Amino acid sequence: MRQIPSGLDLARFKAAYKELLDADYEREKDAYSCRRCGAQVLSGTAYVSLHDARFPGCAGGGDVKTIDIPGCPACEPDGHTMHTCVHLAPGEEPYGFPFEERIIH
């Protein structure tokens, strides 16, 4: 499974998430399928640590958001879990896609 790189700002994080979906999965009505093998995609979980962009490295208050991520049970039999982080500017909140939209139903 591809990973969303750690340390991105919010806009680049959302773009990387969309790129992950577009590259590996195809949307069919209300579900996704794997572009490699055609299997129906299952939902996994990404744990996204929220960091403060004003500080060097990965620093923050310890808040973590969970978001749905796709995963192919045939191509990725070891599971569908990801750990990454996003660096937020002061006053920036992690709302909107992908944080509030379920991609796998």
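Note that these values count all heavy atoms, side chains included, but never hydrogens, waters or copies made by symmetry. Because the structure is predicted, anything quoted here is derived from the model rather than measured.
Looking at heavy atoms from C-beta onward, S49 lies out of side-chain contact with C58 at the 4.5 angstrom threshold. Using a 4.5 Å heavy-atom threshold, the side chains of H87 and S6 count as separate. P70 has its side chain within reach of Y25: a pair of non-hydrogen atoms, C-beta onward, lies under 4.5 Å apart. Side-chain contact check for T84 versus Q3: every heavy-atom pair is 4.5 Å or farther apart.
Scored by the salt bridge (Lys or Arg N to Asp or Glu O under 4.0 Å) test, E26 finds R35 as partners (sequence neighbours excluded). Under the salt bridge (Lys or Arg N to Asp or Glu O under 4.0 Å) criterion, D63 pairs with no residue at all, not counting sequence neighbours.
Contact check on E76 versus R36 returns a salt bridge, with a Lys/Arg side-chain nitrogen under 4.0 Å from an Asp/Glu carboxylate oxygen.
In this structure, L21 CG and I69 CD1 are separated by 10.0 Å, a value rounded to the nearest 0.5 Å. For the atom pair CD1 of I4 and NZ of K18, the computed distance is 13.0 Å after rounding to the nearest 0.5 Å.
The shortest heavy-atom contact between V41 and S33 is CG2-C, 3.5 Å. Listed here is the closest heavy atom pair of L8 and R12: CD1-O, 3.7 Å. Heavy atoms only, all atoms of each residue included: C72 and C37 are closest at SG-SG, 3.5 Å. Closest heavy-atom contact between L50 and K65: CD1-CG, 3.9 Å.
Other cluster members for V64: Y47, joined by side-chain heavy-atom distances under 4.5 Å among Ile, Leu, Val, Met, Phe, Trp and Tyr.
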